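This structure is a prediction, so every number in the text was calculated from the model and none was measured.
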Amino acid sequence: MDCAGDSHGTDASPDADNTVMPGTSLSPAVHRALHLIQSDDLDAKVQAAREIRRLTKTSQRCRRHLSPAVKPLVSMLRADSTDSREAALLALLNLAVKDEKNKISIVEAGALEPIISFLKSHDLNLQEYATASLLTLSASSVNKPVISASCTIPLLVEILGHGSPQAKADAVMALSNLSTHPDNLRIILETNPIPSMVNLLKTCKKYSKTAEKCSALLESLVSFDEGRTALTSEEGGVLAVVEVLENGSLQSREHSVGALLTMCQSDRCKYREPILREGVIPGLLELTVQGTPKSQSKAQMLLQLLRDSPYARSEFQPDTLENIVCNIISQIDGDDQSGKAKKMLAEMVQVSMEQSLRHLQQRALVCTPTDLPIASCSSEVPSK
């Protein structure tokens, strides 16, 4: 079967050149690549690396069959030839995608040292491929402590500030992966990443995976006083988070409202005005109706903190969303903004009523739900 033509990790293409050889589970193409990668001829090894990259681009089976190529590919990373380093790096990147065993074996084979050196390279392509490789390798929980112990985090933050657009996106996602390991958040924070993260949030598409990982990392960093101070000190920092709250994906919006809520809970007097000043109310109102369950809860909690008094009203003035919002609106300067918020509130209440009515109608119907595809939420770069 043709591993290269396998778009979902299953055997699908009947290319005669890649049919499985009798008496073996390996196709001729895989067998040839494994033979060439062991050659003493550097040109042959480069050819093999490029073939491995092609074969593993979309096929999980080929990634398993070609795992013996990891060690010779890692040795190629130390060659003087730029072609050799680039071909080997791209082959290793594809071998690691969605394959936990290969991720671990690549790190165990000593790939981190040359890959980290490529982050400092003036060759922007090599730097970009190295960043993508670290993104994929850092998706493994086994690799996280090894990568963070290799002084990788400051270099990734440097890429975040000065790399190519793709390298910046991969760097923030790699940092987000690494941030889930204990103690790494403090290391990331000490490298002062927030100015670069704010710039990335300003320029990337708010609905992108980049915005999602960036806002997730920000939510974690603002749990520290230094992170909150850095975000509010950066020009347009709070506004960048509010814009993701308004226009991001469901997950991005959840992280953004979480970041703002964490700030306001830590010191309401200090952060209430900076958050209100960026016009957060319409986005919060929308989240109370259309966000994820966590977003809805966090949005209502933040609205509570943003009103003039964070404490519950008397029994004659129940703590409804309408009362909370009207109280906030009364504190906002400018008739235009007040009118906009009141209009938004009315629209949100109407949407909520319509959604509740549709829900009741659906429950009254006897029908079989349609199976819906589940979106992927990968923490690694796609195959190259």
Side-chain angles (χ1 to χ4, degrees), residues 3-4 18 26-140 142-143 146-147 150-152 155-156 159 163-164 166-167 170-171 174 380-384:
C3 290
N18 289 302
L26 301 182
S27 71
V30 169
H31 190 273
R32 184 170 56 251
L34 287 174
H35 174 71
L36 286 176
I37 201 66
Q38 300 289 348
S39 170
D40 293 330
D41 184 339
L42 185 58
D43 289 339
K45 293 170 79 73
V46 170
Q47 179 187 344
R50 289 171 177 164
E51 182 68 359
I52 291 168
R53 176 194 177 191
R54 182 185 74 82
L55 290 169
T56 55
K57 185 172 184 178
T58 56
S59 171
Q60 186 61 36
R61 169 176 283 193
C62 282
R63 291 176 193 133
R64 286 283 78 234
H65 286 171
L66 286 162
S67 59
V70 165
K71 287 186 178 180
L73 285 169
V74 169
S75 70
M76 289 175 65
L77 296 178
R78 295 181 171 85
D80 292 332
S81 165
T82 299
D83 286 346
S84 173
R85 293 196 298 264
E86 185 173 305
L89 191 55
L90 288 170
L92 288 167
L93 174 56
N94 281 6
L95 277 168
V97 171
K98 298 180 181 179
D99 192 303
E100 180 74 7
K101 289 183 179 179
N102 281 349
K103 286 183 179 70
I104 295 170
S105 64
I106 288 169
V107 171
E108 288 179 343
L112 276 185
E113 183 183 349
I115 289 175
I116 291 170
S117 72
F118 298 157
L119 293 180
K120 308 170 190 176
S121 173
H122 295 298
D123 183 332
L124 294 183
N125 283 334
L126 200 58
Q127 186 184 91
E128 192 171 297
Y129 300 150
T131 307
S133 298
L134 286 170
L135 163 57
T136 297
L137 295 173
S138 65
S140 164
V142 174
N143 288 343
V146 184
I147 294 173
S150 302
C151 299
T152 311
L155 293 172
L156 286 172
I159 296 290
S164 68
Q166 184 59 56
D170 288 346
E380 55 188 88
V381 71
S383 302
K384 297 281 186 178

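Taking every heavy atom of both residues into account, A48 and L36 meet most closely at CB-CB, 3.5 Å. Closest non-hydrogen pair, G110 versus P114, comes out as O-CD, 3.3 Å. Among all heavy-atom pairs drawn from A174 and L156, the shortest one is CB-CD1, 4.0 Å. Across L95 and S67, no two heavy atoms sit closer than the pair CD2-N, 4.5 Å. Across all non-hydrogen atoms, the minimal contact from L73 to A88 is O-CB, 3.4 Å. Taking both residues in full, the closest heavy atoms of L126 and F118 are given as CD2-CD2, 3.6 Å, listed atom of the first, atom of the second, then distance.
Between the side chain of T136 and the backbone N or O of L93, no donor-acceptor pair lies under 3.5 Å. Remark: side-chain polar atoms of K103 are not paired, donor with acceptor, to backbone N or O of L137 under 3.5 angstrom. A donor-acceptor pair under 3.5 Å is formed between the side chain of N102 and the backbone N or O of R63. Looking only at distances, a side-chain donor or acceptor of E380 sits under 3.5 Å from a matching main-chain atom of K98. With D170 contributing its side chain and L135 its backbone, the two residues share no donor-acceptor pair below 3.5 Å. No donor-acceptor pair closer than 3.5 Å links the side chain of R85 to the backbone N or O of M76.
Taking CG of D99 as the reference point, atom CZ of R64 lies at 4.0 Å (rounded to 0.5 Å). Atom CD1 in I147 sits 8.5 Å away from atom CD1 in I115 (nearest 0.5 Å). Distance check: R32 CZ to Q47 CD gives 8.0 Å after rounding to the nearest 0.5 Å. Separating the OG atom in S150 from the CG atom in N143 is a distance of 10.0 Å, to the nearest 0.5 Å. Once rounded to the nearest 0.5 Å, the distance linking NE2 of H31 with NE2 of H65 reads 12.5 Å. Atoms CZ and OG1, from R54 and T56 in turn, are 10.0 Å apart once rounded to the nearest 0.5 Å.
Taking 4.5 Å as the limit, every side-chain heavy atom of I52 sits out of range of all side-chain heavy atoms of N94. Between D83 and R50 the shortest side-chain heavy-atom distance falls below 4.5 Å. Considering only heavy atoms from C-beta on, V142 stays 4.5 Å or farther from V107 through its side chain. Between S133 and L92 the shortest side-chain heavy-atom distance does not fall below 4.5 Å.
At most 12 non-hydrogen atoms from other residues, nucleotides or ligands lie less than 6.0 angstrom from CD of E113. The number of heavy atoms from other shown groups lying within 6.0 Å of CG (D80) does not exceed 12.
Residues passing the side-chain contact (heavy atoms from CB on, under 4.5 Å) test with A167, sequence neighbours excluded: E128, T131, I159, S164. With sequence neighbours excluded, the residues forming a side-chain contact (heavy atoms from CB on, under 4.5 Å) with L34 are L26, V30, L66, P68, A69, listed by chain and number.
In this model, no donor atom of one side chain and acceptor atom of the other lie less than 3.5 Å apart for Q127 and S121.
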